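Computed from a predicted structure; not experimentally measured. Note that ligands are numbered from 1 as they come in the structure, with each ligand's atoms numbered from 1 the same way. All residue numbers refer to positions in the sequence shown, counting from 1.
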Amino acid sequence: MTTIKIFLLLLLLPPTVIFADSVAAPAPAPDNIFEKPGSLEKYTYIHLYVQIINPTQPLVVRGPNNNPLGFGNMIMVDNPLTEGIDSSSKLIGREQGYTIGISRDPDFSTTINFLTLNLAFTDGEHNGSTITVMGRDPVFNAQRELMVVGGTGAFRMARGYSFWTINSFNITGNSVVEGDIHVFHY
Ligand SMILES: *[C@@H]1O[C@H](CO)[C@@H](O)[C@H](O)[C@H]1NC(C)=O
Ligand SMILES: *[C@@H]1O[C@H](CO)[C@@H](O)[C@H](O)[C@H]1NC(C)=O
């Protein structure tokens with residue numbers, strides 16, 4: 001009976017009242033180690049375009065078969081990020097990183113890459129901050145989804161998701177990919 005009464009009392013009291021006397025407040029983190037994030041998580045939506053000016057990105061490691069996008073191939077990526085769809089629109093940063101072929105299937109059309117990319121903003125409202133996206137990239141899909149796994153500057157402790165849609169594709173010329181990035185950060 002006593003146990004039930006205590007349990008009901010605990011249910012009725014707000015947690016701060018229950019724990020006020022029994023749990024010491026955590027020690028504040030020393031301010032010289034890192035800036036403590038704010039208590040409220042923010043949401044930022046970013047819309048941008050990747051201008052793939054030279055689609056033959058350098059292959060730096062060749063995988064064990066002859067598929068130019070195949071298993072084990074590592075390709076370096078460094079592309080301009082623009083505000084608008086036109087390659088001459090405002091430059092807001094660069095997409096830099098690498099992709100590695102992860103599908104053993106020799107069929108070219110099922111090529112799947114694993115991407116690790118930094119979006120480094122050099123102008124506009126996010127100037128100086130970065131976002132890191134990574135994930136599975138079936139290269140012939142019109143749209144891919146990549147995870148937002150972190151960030152720096154305004155995007156510290158970022159997480160989220162992003163969609164990448166091929167807007168135009170030209171194997172010998174310029175291609176454009178549209179990015180929709182949903183970021184939760186402090
Ligand atoms: C962007 O940030 C860099 C480095 O902090 C700074 O040098 C540059 O002036 C900034 N650009 C704009 C347009 O604010
Ligand atoms: C693809 O790019 C090449 C080289 O810039 C260009 O000559 C060709 O017209 C482009 N093709 C299309 C369909 O835009």
Over all heavy atoms of both residues, which pair between Ile100 and Met74 is shortest? Give the atoms and the distance, please. CG1-CG, 4.0 Å

Parallel under 30°, tilted from 30 to 60°, perpendicular over 60°: which one fits the rings of Phe155 and Phe121? tilted

If you compare Asn170, Ile53, Asn174 by their heavy atoms, the one closest to atom 10 (C) of ligand 2 turns out to be Asn170

Does any N or O in the side chain of Thr82 come within less than 3.5 Å of the main-chain N or O of Ser87, such that one atom is a donor and the other an acceptor? no

Based purely on interatomic distance, does Asp123 place a nitrogen or oxygen under 3.5 Å from a nitrogen or oxygen of ligand 1? no

Non-hydrogen protein atom less than 4.0 angstrom from atom 14 (O) of ligand 1: yes

Which heavy atom of the protein is the closest neighbour of atom 4 (C) of ligand 2, given with residue, atom name and distance? Thr172 O, 3.7 Å

Closest non-hydrogen protein atom to atom 3 (C) of ligand 1, residue and atom name please, with distance? Asn127 ND2, 3.7 Å

Looking at every non-hydrogen atom in both residues, tell me the closest pair between Ser89 and Gly84 and how far apart they are. OG-N, 2.8 Å

To check your reading of the model: name the closest protein heavy atom to atom 5 (O) of ligand 2, its residue, and the distance in Å. Gly173 CA, 3.9 Å

Looking just at side-chain N and O atoms, do Ser175 and Asn170 make a donor-acceptor pair shorter than 3.5 Å? no

